[in-house]
Amino acid sequence: MNKSLDVITIGRSSVDLYGAQIGGRLEDMGSFRKYIGGSPTNMAAGTARLGLRSALITRVGNEHMGRFIREELAREGVDVTGVKTDPERLTALVLLGIRDEETFPLIFYRENCADMALSEDDIDEELIARSRSVVATGTHLSHPDTEKAVLKALELARKHGARTALDIDYRPNLWGLAGHGDGESRFVESAAVTSKLQSTLHLFDLIVGTEEEFHIAGGSTDTIAALRAVRAVSRATLVCKRGAAGAVAFTGNIPDDLNDGETGPGYPIEVFNVLGAGDGFMSGLIKGWLEDAAWPRALQYANACGAFAVSRHGCTPAYPSLAELTFFLDRGVKTKALRQDPELEQIHWATNRHQDWSIMRVFAFDHRMQLEAMPGATPEKIGHFKALCLQAALGVQNGQPGYGILCDNRLGKRALHAASGTGLWIGRPVEWPGSRPLTLEPEIGPDFGGLDEWPLDNVVKVLCFCHPDDATDLRDAQEETVRRLFAAARRNRLEFLLEIIPSKVSPVNDDTNATLIRRFYEIGVYPDWWKLEPMASRVAWEKACTAITDNDPNTRGIVVLGLDAPEDELAASFNVAASFPLVKGFAVGRTIFAQAARDWLVGATTDADAVADMQARYRRLCVLWDTARAAAQDNDAAVSSQGGL
């Protein structure tokens with residue numbers, strides 16, 4: 001059978017608002033971080049990160065939070081065909097906190113929420129038929145309508161040869177057994193819940209839960225007795241999660257001792273946050289289950305993914321990529337607090353970025369002092385002109401991927417804010433123009449707290465005029481600013497672009513850029529992006545690219561700056577740069593806007609004519625880059641073909 005999906009999860013979908021402060025009551029939280037949440041949603045994203053083709057069936061509201069879930073899932077690589085928009089109900093919300101190692105308060109806002117309106121009509125047979133497996137969670141068995149939807153999906157899964165799994169996911173207050181303030185509660189005895197679960201357990205090939213969750217499924221607080229009660233109604237493989245003791249799988253009869261089941265290696269790590277750990281565990285387990293790994297290996301995946309989850313803030317954001325999981329399994333634990341392992345955290349960050357920016361055609365109009373120096377310029381007029389620059393950029397982009405802008409907030413606020421959500425890559429400068437030693441725009445603040453206000457789609461861009469021959473005190477001051485800025489960007493989940501221009505300081509040679517690049521890595525700065533001067537020498541490009549990949553093979557890449565060069569010079573520099581795959585494109589400004597700005601600021605041209613002129617120049621540069629890249633790829637293909645003869 002042609003299966004284009006590996007796994008479909010069904011059920012809860014919410015927005016998690018996680019308290020940013022650690023070690024206090026939920027009442028005392030001052031700010032929150034927003035993530036996607038709900039067990040099936042977490043598992044869909046978690047398995048997608050591990051390379052599985054995942055989909056989710058749920059409902060979200062027709063509002064900002066519902067759109068956030070849909071967009072975030074798509075960015076994670078999850079198929080959202082089965083995510084329905086409810087026209088009446090709101091998306092569920094959850095408030096969560098980390099009080100200490102054992103206390104994790106949470107409040108579910110799920111009264112008549114969108115995902116609990118899931119119905120049989122939302123289950124698309126064609127979607128189910130595409131998948132190798134269907135995974136349900138216990139909450140959606142708690143209501144007659146959502147139960148019917150889950151049962152229909154399971155029936156169709158059987159019909160189309162898909163495997164089925166249940167994560168018991170017992171939350172007493174979602175079954176009406178605990179109050180709103182008891183969201184943290186994990187176990188309340190209930191014969192009714194046990195009966196409901198046992199009526200469905202025969203439908204599954206895999207059943208997963210904690211000891212408490214098997215207690216409710218089996219109707220006994222004796223774990224062996226509960227597992228045997230589940231075995232009496234289901235031949236599924238049973239996987240029992242035991243916290244710090246790891247997990248154990250039972251494929252046949254239940255032995256007298258839990259330790260007699262199949263186990264996988266666990267990991268001695270510091271527990272920071274247990275919320276969502278089970279969904280991380282399940283993501284790893286599903287990977288092993290679907291690749292028919294031996295249960296010890298599948299449990300190793302699961303235990304490792306669970307270890308990541310309990311070590312970090314949030315649920316889905318904590319889960320590993322396949323590259324990260326592979327690295328961890330090969331290297332092992334270096335520090336029990338995984339979130340404090342710099343090497344691991346860099347891989348986590350770099351391999352879980354959103355969006356494909358393998359092509360970068362960036363119109364840079366973040367210039368400030370250059371525009372301020374032009375005749376007729378005022379802050380108001382510059383702001384209006386930058387809005388025209390954005391209009392030109394959007395006209396060339398026309399909804400296509402691979403386009404972006406650089407725009408500042410001090411003079412270009414109108415354009416900067418309007419660009420959000422347009423699909424453009426958005427870089428935002430923080431340096432005070434022309435400063436050396438490097439200083440920052442006042443809005444960034446002495447503690448870089450201004451970054452707290454930035455949208456997550458803005459990239460922190462900083463230009464540093466530096467050179468390997470800089471005096472020690474100057475070098476130290478500039479490096480400290482960049483290092484602290486980089487740390488602040490990461491803390492605020494913002495990508496970071498470092499632009500270096502040594503040629504404005506002293507003469508350069510083939511080693512100059514590479515030497516600077518290696519130095520920034522030495523001090524712990526790992527830019528997502530590098531912005532470099534055009535280099536006429538292939539040797540200089542080779543050395544710069546090697547300096548980056550030696551330190552960070554997962555970097556986003558390089559963009560080439562323009563320095564107000566005429567188009568023919570840029571074309572020549574593109575032809576050299578485009579032959580290096582690490583160079584993703586360009587970020588050019590004055591070559592595009594300078595003439596239009598000079599004319600417009602003195603009233604010698606109209607808005608429409610200025611936009612048309614900039615569009616034409618920007619479009620020509622895009623064609624020059626695309627042509628250079630295509631020629632480089634053709635040349636590589638020809639060389640490869642000749643080598644294979």
Side-chain angles (χ1 to χ4, degrees), residues 5 7-14 38-44 54-62 66 69-70 79-92 108 110-177 190-209 213 216-217 219 230 233-234 236 282:
L5 292 170
V7 58
I8 297 173
T9 62
I10 305 175
R12 285 193 286 135
S13 191
S14 62
S39 288
T41 304
N42 289 336
M43 286 187 282
S54 307
L56 173 67
I57 295 176
T58 190
R59 280 198 185 199
V60 297
N62 185 25
I69 290 175
R70 185 184 298 277
D79 186 316
V80 295
T81 304
V83 178
K84 308 301 180 184
T85 299
D86 191 298
E88 300 175 1
R89 298 168 182 84
L90 293 171
T91 303
F108 291 100
R110 295 184 51 81
E111 187 69 29
N112 195 31
C113 68
D115 71 56
M116 288 305 291
L118 193 71
S119 70
E120 289 181 280
D121 292 340
D122 295 327
I123 308 302
D124 179 3
E125 181 170 2
E126 182 178 341
L127 179 63
I128 299 292
R130 290 170 50 201
S131 186
R132 297 171 57 210
S133 67
V134 172
V135 178
T137 57
T139 300
H140 270 57
L141 299 173
S142 67
H143 187 278
D145 290 339
T146 55
E147 180 189 23
K148 289 177 183 177
V150 171
L151 294 178
K152 179 180 177 181
L154 295 172
E155 176 187 346
L156 291 172
R158 293 291 193 194
K159 175 182 175 181
H160 292 283
R163 303 180 186 188
T164 56
L166 172 70
D167 185 334
I168 299 170
D169 185 37
Y170 182 45
R171 302 282 187 166
N173 70 343
L174 300 185
W175 287 81
L177 300 175
S190 169
V193 173
T194 298
S195 176
K196 175 59 66 179
L197 289 173
Q198 291 200 353
S199 71
T200 66
L201 297 182
H202 66 285
L203 299 172
F204 298 100
D205 302 310
L206 173 66
I207 300 173
V208 182
E213 287 170 337
I216 194 68
V230 171
V233 296
S234 174
M282 191 71 174

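When a residue number appears, it is its place in the shown sequence, counting from 1.
Of the inter-residue distances, the one linking Arg12 atom CZ with Thr146 atom OG1 reads 11.5 Å to the nearest 0.5 angstrom. With rounding to the nearest 0.5 Å, the separation of CE in Met116 from OG in Ser142 is 4.0 Å. Between Ile10 atom CD1 and Lys152 atom NZ the span is 11.0 Å, to the nearest 0.5 Å. In this structure, CD in Glu213 is found 9.5 Å from CG in Leu197, a value given to the nearest 0.5 Å. Here the CD atom belonging to Glu111 is positioned 11.5 Å from the CZ atom belonging to Arg89, to the nearest 0.5 angstrom. In this structure, the separation between CD on Glu126 and CD1 on Ile128 is 11.5 Å, given to the nearest 0.5 Å.
Leu141 has its side chain within reach of Glu147: a pair of non-hydrogen atoms, C-beta onward, lies under 4.5 Å apart. Looking at heavy atoms from C-beta onward, Pro40 lies in side-chain contact with Leu56 at the 4.5 angstrom threshold. Proximity of Met43 to Thr137: side-chain heavy atoms (C-beta onward) are separated by under 4.5 Å at one or more points. Counting only heavy atoms from C-beta outward, the side chains of Asp124 and Ile57 never approach each other to under 4.5 Å. Using a 4.5 Å heavy-atom cutoff, the side chains of Arg70 and Thr85 are in contact.
Ion pairing between a basic and an acidic side chain is recognised when a charged N comes within 4.0 Å of a carboxylate O; Arg163 and Asp205 show no such pairing. A salt bridge links Asp115 and Arg110; the closest N-O separation between the charged side-chain nitrogens and carboxylate oxygens is under 4.0 Å.
Between Arg158 and Phe204, the shortest heavy-atom distance links the atoms NH2-N, 3.6 Å. Across all non-hydrogen atoms, the minimal contact from Leu166 to Gly138 is CD1-N, 4.0 Å. Nearest approach of Trp175 to Val193, heavy atoms of both residues: CE3-CG2, 3.5 Å. When all heavy atoms are compared, the tightest approach of Ala55 to Leu5 is CB-CD1, 3.8 Å. In plain terms, the two heavy atoms of Ser13 and Ile69 that are nearest each other are OG-CG2, 3.4 Å. Heavy atoms only, all atoms of each residue included: Ser119 and Arg59 are closest at OG-NH2, 3.8 Å.
Proximity of a side-chain donor or acceptor of Thr194 to a complementary backbone N or O of Ser190 within less than 3.5 Å is detected. Thr9 places no side-chain N or O within 3.5 Å of a backbone atom of Val135 that could act as its donor or acceptor partner. Distance alone, capped at 3.5 Å, places no donor-acceptor pair between the Ser133 side chain and the Thr164 backbone. Put simply, the side chain of His160 never gets that close to the backbone of Ala162: no donor and acceptor are under 3.5 Å apart. Between the side chain of Ser234 and the main chain of Leu201, a donor-acceptor pair closer than 3.5 Å is present.
Residues Asp79 and Thr81 bring a donor and an acceptor atom of their side chains to less than 3.5 Å of each other.
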